[in-house]
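Along the sequence shown, the residues carry numbers beginning at 1.
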Amino acid sequence: MEIALVLCLLLLAIGLFASEKLSVDVVTLILLIVLTSTQIITPAEAFAGFSSDFIIILASIFVLSAALEDTGILDFLVNWLMRHTGHRPTALLLFIMVIPGAISAFMNNTTVTALFVTPIVGVAKKMGTSSSKYLMPLAYASILGGTCTLIGTSTNVAVSGYVSKAGMEPFGFFEFSGIGLIIFAVGIVYMMTIGKRMLPAGTSQGLTTKYNIKTYLTEIIVQDDSPLIGQVAFASDLSKMGFRILNIIRNKENFLPDYRTRIRTQDILLVEGEIDDLIKVKETKGIQILADVFVEEDLVGGDIRLAEILITGKSDLLKRTIKQVEFQRRFGLVVLAVSRQGETIRTKIGDVQLQLGDLLLVQGSAERLEYLKTHQHLAVLDEFKPILFKERKGILTLIFFITAILLGSFELLPLSICFLGAAVLSVLFKCITTDRAYQVIDWRLLVLIGGMTAFGMAMENSGADKFLAQFIVDMLEPFGILVILAGFILLTVFLTQPMSNAAAALVVLPIALQTAQQLDANPRTFAIAIMLSASVSLITPFEPSCILVYSPGKYSFKDFLKIGSGLTLILVLIILFLVPIFWPL
């Protein structure tokens, strides 16, 4: 009776997850209530998953990733990616799969995924594409890369430990690297061809895309210590940052740069770029937004704000320049940049004659912006929180993150303690505020993981896991060893949906090894097939790496079901037919 109830609940849960009529965390909590009420699991077992190491690791990674984003340190990686992929989506997609996948062969795949999520979101934004086109391939690549070595996943280590206790030789470090590389390569090819076409085409909702604004115009002054001095204008560091130099004002003369023009000290550069890049200039050594020269000291304190102001049809600023209306004196705000959709402005900011629909990016105190909102003829569209490059805090956060990875990888400290310590240090050193740390944690996903861990316990308590395994043996024995192996592979894939990969493998493994002995088959073949099967189940977003990209990529449950099912089927067939070749039955 308990077995039937647990299996029915499992099918119901998968159906509700797929339909998305209820939030996944709500469905998970309903399952816990039913399982506890029917006494299939105890209250302690129901909530044990919420105290697991992985919950702490995942929450800490959320905090660390946000700290890396807020300090701007990841912009270096974004710019590096941009330079090496040449704004080519296909090249970026290949890079995103090959590099993280290779790293995850020697490092926890969840950690690898977490390292790349935020930079990839930034790169996608710069390229004008959706991060949904890249994050799922990232997760899949990091998972499949872990099949290449013994330490690639915890599942590999757990299965190797089990077979050693069962009297078999433990797995060698590179014993299954051959088939692991094949699995990894097939995953890349699939996502570069079939999977790429099925990825959702989400859209970015940043301020610039929200109002269909491509670029802003501003003036930058080159200071005496700037690294730009001597650089060719069209190949300068500004170009690498995403800016386009339109005009140069030198010694009060205005001229258009050509391919030979080199930047000199005290040059005033009229540049065009995106809002995020524009704000980062404020913290870049040797260059400064010209408007900042005139900002009073009381405007650069803790309450400094940026906002976009729309020039409406009734505004008394129409057909007048910013200089003529004395904008700073009148409103207490500094105009940093001007955006005019569909037209390139090539005059100094102060001399721009304002038109209907122009957008001004302004800087000032929160009090001044609130006052401006009462002005009937100007519309404050939205405030913008810039991500400034805070070098010291950014480097500290990166040091904390890398130290946590190294300490955990060499098992000098538990991985959960390493990441929790890094997250706490990032708060203590004010790399991220306490309030922000709590805000960035996706509590819905933590509830999902903790609850589904308890569901795996329910399958064990009720005997549903062993029932399924024995059913496969009884049903498939007449068809031969290969078909029985296929049955165990599919069962492992199925069980990894409600259970962790390692748990699913360890549930199936004892019965599979016993069956292999009864059939006078090679138990090592069964062990490796089951171990690999636990790592190629990509049908649902329950795998930790998939969970990390679920929200940033704005994916739905159906996206994983649609794309992951085909890839999982192909990889299962590879395991079924190649494992017996590498390790004969």
*Asks:* Determine yes or no for a side-chain-to-main-chain donor-acceptor pair under 3.5 angstrom, with S177 supplying the side chain and C148 the backbone.
*Replies:* yes
*Asks:* If you take all heavy atoms of V63 and A437, which pair is closest and at what distance?
*Replies:* CG2-O, 3.7 Å
*Asks:* Taking the side chain as everything from C-beta on, heavy atoms only, tell me whether I489 gets closer than 4.5 Å to I530.
*Replies:* no
*Asks:* Measure from the side-chain N and O atoms of T113 to the backbone N and O of S545, and report whether any donor-acceptor pair falls under 3.5 Å.
*Replies:* no
*Asks:* Look at the side chain of N156 and the backbone N and O of G146, then say whether any donor-acceptor pair between them is shorter than 3.5 Å.
*Replies:* yes
*Asks:* Taking all non-hydrogen atoms of both residues into account, name the closest pair between I575 and P580 and its distance.
*Replies:* O-CD, 3.8 Å
*Asks:* Determine, step by step, whether I481 and F526 satisfy the side chain to side chain contact (heavy atoms under 4.5 Å, CB included) criterion, reporting the C-alpha distance in whole Å, the side-chain angles of both residues, the deciding distance to 0.1 Å, and the verdict.
*Replies:* CA-CA 10 Å; I481 296 177; F526 278 71; 4.0 Å; yes
*Asks:* So, Y140 versus Y190, ring centres under 6.0 angstrom or not?
*Replies:* no
*Asks:* So, does T403 use its side chain to make a donor-acceptor pair with the main chain of A422 at under 3.5 Å?
*Replies:* no
*Asks:* Of all the heavy-atom pairs spanning V163 and A527, show the shortest one and how long it is.
*Replies:* CG1-CB, 3.8 Å
*Asks:* Sequence neighbours excluded, which residues qualify as ring-ring contact (aromatic ring centres under 6.0 Å, His included) partners of F400?
*Replies:* F429
*Asks:* Once rounded to the nearest 0.5 Å, what's the spacing between atom CE of M192 and atom OG1 of T90?
*Replies:* 5.5 Å
*Asks:* Evaluate side chain to side chain contact (heavy atoms under 4.5 Å, CB included) for W583 paired with E175, printing each intermediate quantity in order.
*Replies:* CA-CA 10 Å; W583 298 269; E175 181 174 349; 3.2 Å; yes
*Asks:* Measure the shortest side-chain to side-chain distance between T36 and T42 over non-hydrogen atoms and say whether it is less than 4.5 angstrom.
*Replies:* no
*Asks:* Rounded to the nearest 0.5 Å, what separates atom CD in E2 from atom CG in L35?
*Replies:* 10.0 Å
*Asks:* Of all the heavy-atom pairs spanning V483 and L476, show the shortest one and how long it is.
*Replies:* O-CD1, 3.5 Å
*Asks:* Using atom types as modelled and distance alone, determine if a side-chain donor or acceptor of S537 lies under 3.5 Å from a backbone N or O of A534.
*Replies:* no
*Asks:* Please tell me if the side chains of L138 and M97 come closer than 4.5 Å, counting only heavy atoms from C-beta onward.
*Replies:* no
*Asks:* Heavy-atom distance under 4.5 Å between the side chains of L144 and L571, does that happen here?
*Replies:* yes
*Asks:* With distance as the sole criterion, is a donor-acceptor pair present between the side chains of T28 and D25 under 3.5 Å?
*Replies:* no
*Asks:* Is it the case that the side chain of N461 and the backbone of I40 share a donor-acceptor pair, with hydrogens and angles ignored and the cut-off at 3.5 Å?
*Replies:* yes
*Asks:* Which residues satisfy the ring-ring contact (aromatic ring centres under 6.0 Å, His included) test with F176, sequence neighbours excluded?
*Replies:* F171
*Asks:* Just wondering, do Y438 and T434 contact through their side chains at under 4.5 Å, heavy atoms?
*Replies:* yes
*Asks:* Kindly say whether G101 contributes a backbone atom to a donor-acceptor pair with the side chain of S104 at under 3.5 angstrom?
*Replies:* yes
*Asks:* Spell out, as yes or no, whether a donor-acceptor pair under 3.5 Å connects the side chain of S37 to the backbone of V34.
*Replies:* no
*Asks:* Show the nearest heavy-atom pair for residues S535 and I143, with the distance to one decimal.
*Replies:* O-CG2, 3.1 Å
*Asks:* Once side-chain hydrogen bond (donor to acceptor under 3.5 Å, both in side chains) is applied, do any residues pair with T525, and if so which ones, sequence neighbours excluded?
*Replies:* N522
*Asks:* Report yes if some heavy atom in the side chain of E543 is under 4.5 Å from a heavy atom in the side chain of L538; otherwise report no.
*Replies:* no
*Asks:* Can you find a pair of side-chain heavy atoms, one from F560 and one from I539, that are under 4.5 Å apart?
*Replies:* no
*Asks:* How close do P137 and L199 get, heavy atom to heavy atom, and via which atoms?
*Replies:* CG-CD1, 3.9 Å
*Asks:* Without swapping roles, check the side chain of Y555 against the backbone of V549 for a donor-acceptor pair under 3.5 Å.
*Replies:* no
*Asks:* Atom CG in L567, atom CE in M198: separation rounded to 0.5 Å?
*Replies:* 9.0 Å
*Asks:* Do L490 and S533 have side-chain heavy atoms sitting under 4.5 Å apart?
*Replies:* no
*Asks:* Could you state the interatomic distance from CD1 (I96) to NZ (K133), rounded to the nearest 0.5 Å?
*Replies:* 13.0 Å
*Asks:* What do the steps show when you test L532 against V579 for side chain to side chain contact (heavy atoms under 4.5 Å, CB included), and what is the final call?
*Replies:* CA-CA 9 Å; L532 293 174; V579 168; 4.1 Å; yes
*Asks:* Starting at CG of L420, measure out to CG of L64 and round the result to the nearest 0.5 Å.
*Replies:* 9.5 Å
*Asks:* How far does SG of C418 sit from CD1 of I56, to the nearest 0.5 angstrom?
*Replies:* 13.5 Å
*Asks:* Would you sort out whether F401 and T397 count as a side chain to side chain contact (heavy atoms under 4.5 Å, CB included), showing the intermediate values?
*Replies:* CA-CA 6 Å; F401 206 162; T397 306; 5.6 Å; no
*Asks:* Do side-chain atoms of S462 reach the backbone of I3 as a donor and acceptor pair under 3.5 angstrom?
*Replies:* no
